[in-house]
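Structure first, then comments.
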Amino acid sequence: MSEHHYDPRAIEAKWQAVWAAERTWEVTNDPGGDKAYVVEMLPYPSGEPHIGHMKNYAIGDAIAHHKRRTGHRVLHPMGYDSFGLPAENNAIKTGVHPRIATERSIDSFRRAFRSWGVSIDWSRELASHEPAYYRWTQWIFLKLYERGLANRRESAVNWCPNDQTVLANEQVVDGRCERCGAEVELRQLEQWFLRITDYAQRLLDDLDTIDWPEHVKTMQRNWIGRSAGAEVHFRCQALGIDYPVFTTRPDTLFGATFFVMAPEHPDVLRLAAGTPAEAQVRDYVNHALTESAQERGDQEKTKTGVFLGRTVTNPVTGEEIPMYVADYVLMEYGTGAIMAVPAHDERDFAFARAYGLPIRQVVAPADGSKPPADQAYVTKADDARLVNSGDFDGLTPREGFERIVAWLEREGIGRAAVSFRLRDWLISRQRYWGCPIPIVYCEDCGIVAVPEDQLPVELPEIEDYQPRGRSPLAAAEQWVNTTCPACGGPARRETDTMDTFVDSSWYFLRYCDARNDKAAWDPAALRQWMSVDQYIGGVEHAILHLLYARFFVKVFADMGLLDVQEPFQSLFTQGMILGPDGQKMSKSRGNVIPPTPLIERHGADAVRAYILNMGPPDQDAAWNDSALQGTHRLLMRLYTLGSQLAADAGGPLATGVAQPAAPSGDALTLVRKANWAIERVSSEFHGRFGFHNAIAAVTELVNELYRLPDADPAARRFAVATAASLIFPFAPHTGAEVYELLSGQRVWEQPWPTADPEMLTAETFELVCQVNGRLRDRVTAPSGAQREQLEQLALRAPGLRAHLDGHEIVKVVVVPGKLVNVVVR
RNA sequence: GCCGCGGUGGUGGAACGGUAGACACGGCGGACUCAAAAUCCGCUGCCCGCAAGGGCGUGAGAGUUCGAAUCUCUCCCGCGGUACCA
């Protein structure tokens, strides 16, 4: 027994040493052959990798191995998203420099990935905090700046009072900081933005060209939030100013009975000035601006607002309608002002009710019925008609939309327009541990880009990481004070750093040419590898990271630096591994499963294979220690079979693992089962990555081998070698070891097995015999049997007699190779 | 509210419109052992029955079909995203 003892530690150490010494997984950029680019989402290195990382790489590595063995040159690299807040917050607490802590974590990540046996091309390893990397992040910023896609402007921004920094819209969840949970405040600050909104339409349209989970695409579509409508100008006669509004319902223009501006609208105070409403407006605006995003976003609260003391003219009715300021109108969307149509918009209706404003119905059901009076009638379906709308009466809302927009265009007071929910990407962060923005401010020249040949602008060493409402970099006087690259005069450096999402929006490009110190990449390298064929990561990045990366790729394509329009052709979103209690793993719940002790006990292969065996990999699944034992047992059984057969043969036989010719009896059963397993495992790589089904197929093959211990050794060798070959993508060390025991060969150098069609069908099959769709018997039938013969076999099946006697046979349904269903009355 | 995804044994889950529950866990029984662990073998959806066998079963209800977990409609429940976006 002991000589067949499965010792994962020894096996794993052996193969990891081989792969490291021979640099087995490195690829060059030499062209030729089919390529496959497989990438797992860039990990943030903090402490040690957790079990979720292991799932990520178990999936990606299986795909990479399969691609290699199906004739692809595979690029499967690794890197670290190594700038970011946790390391900096840790520095504030402990005084340990973020670089020290981060690099320590990177070491531990690297060690872990090696101990998991992941097939990574380590020659392309990168880390976003290294100057050799962020030099090019800065270069990208400059390119965007040159193209007018990066600009600095004052804006109301989300401010996290705890982290003391600005957040992107996407990092605010329910009015709170995504990271620390503090309630987010609004502040007016000068900030750097990237103009992702310029790409909104393309980001939306090109979703149709990529193979991503539908729900992820839906999330992105909703986030981009395209609305088609019209811009309409409302004139304030008293001040002689036209105010544009955006509306998706120009067909309801005749029902606009008042006009509302956001409290942040720059003209609000000016409009109210000199009117009796002035003081009240001032108070209201001041109050609204101090409200938290949370309070303001509460839809349950009664709508509030204040009359501005002015009116605008409804361009179609010519009526003077009152102007209000109200916090339910948002400055960030549309023009920061709306036409209010209370009869057909819920929010306007609520406001009109609260302030006794007129509600004029301009859309009615076509059948003449009355819509309920206590709510807005919100429909633009074709069973409604315009009313009280002058010449447009009787039109459907759809027709009204077209005709009123055409009329507005003719009159020069409006036009068709599209509005997006997507906001520009705010990248300034008042923090230390990030990529410096390569800009200086000169008294004479203003904003000046740091010339490319002076990159990188290196992050200086500082003593005090404490944020004080400005970047800690601002205190590094030596560094901040510089000379203007344009005029040589005194200048100050930008002290904000970039959002770390900038770093991670292009790393997959850098992998293609990771050691290039002359350029961010050689376009030829990208031509060779891009797009990423398979991207694997968590759904939590469905919006932010994936949208930003798509944006960058489109910009680079426009700059001629890249030939593709999308970074990730195919995306797989893995589910979470939950604690044994079915809850999300967290230190506070005490249900965290650290990978290292598991690996020491069961081996990396067992843990990897178990993770894949937990269920469909895109689903969440709770950890179960005893189920892990089950997968461990499979590997052990496979190893035992291999080592016994090898011992029986007196060692590896180079030609001894081929499919034996003309097997019979138990040998035939095994050969068939092996071919069936090849078919099943292979199919999972082309569909849903249901690797639990693939592993189940290998399990069945192994079980069959245990059931037939006396089958011909040649057939057994073939079956065991096949099982080893098929399990290799999921348990690479064990697969390699067993394959070598039998053949002396390296399994990863063998082509992926293909099923022998001859062995996929038997000469007989079990014919299912039904009466009225209910199973009554099963009989053995020849595989090639014709309908007539099958029908006769079924009608003679003993189990059917009782159900046929005394009944009239109405019809007989025959599915060749499957079943016969006798329909009786 | 809106959008999306789900609901199958004690558990995780299988199942091109064609044998529901593969595979695994757990449970029960057995072999080995002084004993235990490990390992190996068998049984294991529920109900009736000594058995042979029969009945019931994929959230609920209807429909299409020779045949529905699978397709259609209505409803219930759960999960995820999003939410004053004009």
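So you know, we letter chains A, B, ... as the sequences are listed, proteins then strands, and number each from 1.
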Would you indicate what [X] reaches in the nucleic acid, counting non-hydrogen atoms under 4.0 angstrom: base, sugar-phosphate, or nothing?
X: A/D348; value: nothing
X: A/T631; value: nothing
X: A/Q770; value: base
X: A/V810; value: nothing
X: A/Y706; value: sugar-phosphate
X: A/N693; value: base
X: A/A627; value: sugar-phosphate

Under a 4.0 Å N-O cut-off, is there an ion pair linking [X] with [Y]?
X: A/D710; Y: A/R716; value: no
X: A/D251; Y: A/R249; value: yes
X: A/R423; Y: A/E332; value: no

A/F691 ring center near A/F730 ring center (under 6.0 Å):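 Distance test on ring centres: under 6.0 Å, yes.
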C1' atoms of B/U33 and B/A20, separation to the nearest Å: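 Taking atom C1' in both B/U33 and B/A20, they lie 41 Å apart.
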Phosphate OP1/OP2 of B/G54 contacted by A/H803 side-chain N/O (<4.0 Å):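 Affirmative; the distance criterion is met.
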Presence of A/R688 side-chain N/O under 4.0 Å of B/A15 phosphate oxygens OP1/OP2: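 Yes, such a contact exists.
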